Amino acid sequence: MDGSKKPDTAPVLILLGPPGAGKGTQARMLQDRFGLVQLSTGDLLRAAVAAGTDAGKAADAVMKSGGLVSDQIVIDILRDRLGEDDCAQGVILDGFPRTTVQAEALDVLLSESGQRIDAAISLEVDDDAMVERVSGRYTCGCCGEGYHDSFKRPTADGTCDKCGGQDMKRRADDTVEAVATRLAAYHDQTAPLITYYDANDALQRVNAMGAIDEIATVLGRIVQRMEAA
Ligand code: AMP
């Protein structure tokens, strides 16, 4: 990580925001720039579905509909991943917590290892723009780099700028129906966490309607301040 002063414990950053707010894109950029590890419960669950584990089998249909997977499954999967060695350098939680039960479980998990949340960043966007953002997006199946039909096309259509892969994928739950369900789940169950983290003095609000690089600059400043604190 850059910055002159390092924290005593590994930094823990949370990215909050509805589907399409840019959590995954920004988490990946912060990972590349600061060496923090991106922990996406959506990615972990998709891997569990692909591997056919019990958790994956239980999560599959719920994920396709756009609903939330049970707290216990997600907390277990997150706990296992957080315990892996690479997370000792600090993590960006992308898509977790999504409910108050998950937020409270995270507080307990972190306190067990003497850690705490350094910042919970709420990426603030307009609902109306979210359907266009989400339905136009796709990723490189080889390296996971994200693209968008309107906002971020690769230099050569169908070829990843980052790794040269030619296996672009769209998510099964990026349909208009599933996105509507995911937005509703966000407002009902995840948005209350903004108040939760505000009460814990961890909340930072960021306008996420601008260009990807501009938002990345703002988030980078937050991480730099966090490292210097
Ligand atoms: P994401 O990739 O973060 O958009 O997540 C994709 C889907 O995985 C969500 O729509 C949920 O079905 C499920 N999911 C991911 N993270 C969580 C979580 N923290 N709690 C419950 N369900 C989750």
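Numbers here simply count residues along the sequence, with the first being 1. Both ligands and their constituent atoms are indexed starting at 1 by order of listing. Because the structure is a prediction, the values reported are computed rather than measured.
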Part of Arg182 within contact of ligand 1 (heavy atoms, under 4.0 Å) =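 The answer is the side chain of Arg182.
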Considering only non-hydrogen protein atoms, determine which one is nearest to [atom] and report residue, atom name and distance to 0.1 Å.
atom: atom 20 (N) of ligand 1; result: Gln102 NE2, 2.9 Å
atom: atom 22 (N) of ligand 1; result: Val69 N, 3.1 Å
atom: atom 8 (O) of ligand 1; result: Met63 CE, 3.4 Å
atom: atom 2 (O) of ligand 1; result: Arg46 NH2, 2.9 Å
atom: atom 11 (C) of ligand 1; result: Gly67 O, 3.3 Å
atom: atom 4 (O) of ligand 1; result: Arg171 NH2, 3.0 Å
atom: atom 9 (C) of ligand 1; result: Arg98 NH2, 3.9 Å

In Å, rounded to the nearest 0.5 Å, how long is the span from CG of Asp71 to CG of Leu78?
->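 That separation rounds to 11.5 Å.
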Between the side chains of Ser40 and Gln38, does any donor sit under 3.5 Å from an acceptor?
->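 Their side chains do not contain a donor-acceptor pair, so the 3.5 Å distance test is not met.
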Answer whether the closest heavy-atom distance between the side chains of Ile14 and Leu193 falls below 4.5 Å.
->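 Result no, sub-4.5 Å side-chain heavy-atom pair not found.
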Validation row: Asp107, Ile117 side chains within 4.5 angstrom (heavy atoms) |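 Side-chain contact under 4.5 Å: yes.
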Test side-chain contact (heavy atoms from CB on, under 4.5 Å) on Asp161 and Glu145 and set out the steps.
-> CA-CA 9 Å; Asp161 289 340; Glu145 184 71 359; over 6 Å; no
Run the salt-bridge test on Arg182 and Asp174 with the 4.0 Å N-O cut-off and return the result as yes or no.
->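 The answer is yes: the pair qualifies as a salt bridge.
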Do Lys23 side-chain atoms and Pro18 backbone N/O form a donor-acceptor pair below 3.5 Å?
->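 Yes, because the side chain of Lys23 sits within donor-acceptor range (under 3.5 Å) of the backbone of Pro18.
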Any N/O pair Val74/ligand 1 closer than 3.5 Å |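 No: no nitrogen or oxygen of Val74 is under 3.5 Å from one in ligand 1.
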Among Leu44, Leu45, Thr41, closest by any non-hydrogen atom to atom 14 (N) of ligand 1 =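 Comparing heavy atoms across Leu44, Leu45, Thr41, the nearest one to atom 14 (N) of ligand 1 lies in Leu45.
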